[in-house]
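The structure appears below as structure tokens.
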Amino acid sequence: MAPATSHLIGLLLGTEEDWPSAFEALVDRLGEILGEDGARHRLAVERITIEPFDLRDRPRYELVVDRLAYWYYHPREWLKKVALMDDVYLLNSPFTFQSMEKHAAYCAMLRCGLKVPRTVLVPFKRPPDNARWAYTAARYNRPFDLEAIAREIGFPLFMKPYDGGQWVGVTRVRDEDELARAYDASGQRLMHLQASIEDYDVFTRSLSIGPETMVMRFRPDRPLHDRYAVDHEFLEPAVGAEVVTIGRLVNAFFRWEFNSCECLVRGADVFPIDYANACPDIGLTSLHYYFPWAVTALVRWCAFCVVTGRRPRLDLDTRRFFDIGDDPSLSYEEKLAAYRRLGDESFEADRYAEFCATALGHLDEIVLAWVSSPDFDRLLVDTVRALYPPHEHEAFVAHFRGLVGQWVREHGAEPAFSG
Ligand SMILES: Nc1ncnc2c1ncn2[C@@H]1O[C@H](COP(=O)(O)OP(=O)(O)O)[C@@H](O)[C@H]1O
Ligand SMILES: [Mg+2]
């Protein structure tokens with residue numbers, strides 16, 4: 001019998017050990033997968049090392065999951081090379097997420113008709129270091145009244161970087177004094193002023209991997225380990241569907257396959273505020289209960305992409321979305337429904353569901369056995385030890401065991417550490 005076709009998946013990593021170890025453990029246990037045509041496949045996974053590369057080198061990887069290139073640029077250029085020259089499948093492609101930061105994402109989703117709060121981009125507080133600046137500014141920079149813009153948007157408002165992430169440089173501004181202080185502090189960072197959604201009912205954070213989305217109740221004011229609440233019915237079904245559709249739209253639009261999307265829900269209105277996080281954190285200690293789902297979804301989507309030979313795309317083809325967004329005869333609900341169809345098509349949602357049910361039918365059992373094993377518990381303990389000071393180890397190990405244990409029990413097994 002011919003050997004199974006092997007597909008090498010590369011992980012481009014920064015400091016994390018938890019989800020990569022989980023991903024490796026699951027791929028290792030997965031065994032052979034039968035493709036839609038009955039052919040046999042096998043996944044392999046490797047952590048990518050950073051070294052000089054010849055632009056003509058052929059990479060060994062078929063797919064790369066990237067959690068590094070957003071701050072380390074040598075591998076980012078390597079990603080571009082393997083995308084342009086070798087058709088390597090990327091989660092995510094720097095071609096979309098380097099150029100399409102938060103500002104671009106606001107623009108695109110505004111044109112699609114979403115309820116993005118009023119947002120104004122103001123010029124730099126501190127000018128760029130460039131010899132041409134003085135002349136250019138004197139000739140072309142119009143003086144502007146920052147306070148007047150802020151008053152028009154209304155206090156409180158948010159001042160935040162046009163390309164932000166991880167709350168860096170984000171300020172809730174309540175009055176003129178805070179406005180002046182925040183703007184002074186912004187220095188050479190380009191800032192948006194954005195109307196604040198006050199008194200919202202729920203903060204949703206949806207993590208998407210391919211066509212899978214987990215909508216979680218997020219509590220931004222809590223410490224990192226306590227931000228995701230374990231809560232299954234916190235949204236009306238229609239609102240929940242809208243939140244999923246918004247995430248799918250953003251991801252299909254930018255071809256982001258691994259992303260998180262933040263929406264504030266007030267009454268029946270869903271306001272997307274942050275949805276360009278194309279390198280989302282899926283750490284064990286932030287996702288806890290949702291961690292097994294996230295790693296499993298990542299294995300499933302990677303398997304689907306390489307086994308079905310899904311072709312990576314570098315272009316965005318935005319016209320498909322704008323034709324819907326620009327159509328004055330469509331209501332908001334009709335637009336959402338049309339985006340959902342486009343999004344599901346882009347991610348081959350039906351084919352994926354079928355693939356998961358047949359080719360990967362055995363994966364859930366493998367995941368459950370692994371998450372309830374001493375191996376997983378060791379990963380949990382090691383992760384806590386790596387992240388927290390010694391005097392907190394015991395409390396946090398118990399905390400995360402409790403949450404993961406809940407997941408294990410809800411899936412019909414007993415966690416390793418209980419007995
Ligand atoms: N328009 C807004 N209305 C209400 N809260 C907001 C708004 N924009 C940002 N925030 C708050 O500030 C936090 C950080 O802003 P966000 O846009 O998510 O930036 P980052 O990319 O740094 O996460 C959000 O999680 C939310 O709590
Ligand atoms: Mg955010």
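Order of listing sets the numbers, starting from 1, for every ligand and every atom in it.
Ring centroid separation for the pair His411 and Trp407 comes in under the 6.0 Å cut-off. In summary, the aromatic rings of His225 and His288 are positioned with their centroids too far apart to meet the 6.0 Å limit.
For the pair Arg319 and Phe322, the cation-pi test (distance below 6.0 Å, angle within 45°) is failed. No cation-pi contact links Lys335 to Phe321, judged by a cut-off of 6.0 Å to the six-membered ring centre and 45° from its axis.
Lys160 NZ, 2.7 Å is the protein heavy atom nearest to atom 17 (O) of ligand 1. The protein heavy atom nearest to atom 15 (O) of ligand 1 is Val170 CG1, 3.9 Å.
Closest approach between the Mg ion (ligand 2) and any N/O/S atom of Glu262 involves OE1. Asp274 contributes atom OD2 as its closest N/O/S atom to the Mg ion (ligand 2).
Judged purely by distance below 3.5 Å, without hydrogens or angles, the side chains of Thr96 and Arg255 never pair a donor atom with an acceptor atom.
In terms of N/O distances under 3.5 Å, ligand 1 is approached by Ala195. Note: no N/O pair closer than 3.5 Å links Tyr200 and ligand 1 by distance alone. Looking at ligand 1, you won't find any N or O of Tyr106 less than 3.5 Å from one of its N or O atoms.
Two residues are said to be in side-chain contact when any heavy atoms from C-beta on lie closer than 4.5 Å; Glu348 and Phe355 fail this criterion. Between Glu333 and Glu242 the shortest side-chain heavy-atom distance does not fall below 4.5 Å.
Residue Phe158 touches ligand 1 through its side chain alone, judged by heavy-atom distances below 4.0 Å.
Taking every heavy atom of Lys102 and a limit of under 4.0 angstrom, the matching atoms of ligand 1 come to 16 (P), 17 (O), 19 (O), 20 (P), 21 (O). Residue-ligand proximity, Leu264 to ligand 1, at heavy-atom distances under 4.0 Å covers atoms 3 (N), 4 (C), 5 (N). Interface atoms of ligand 1 facing Glu262, defined by a heavy-atom separation under 4.0 Å, are 18 (O), 25 (O).
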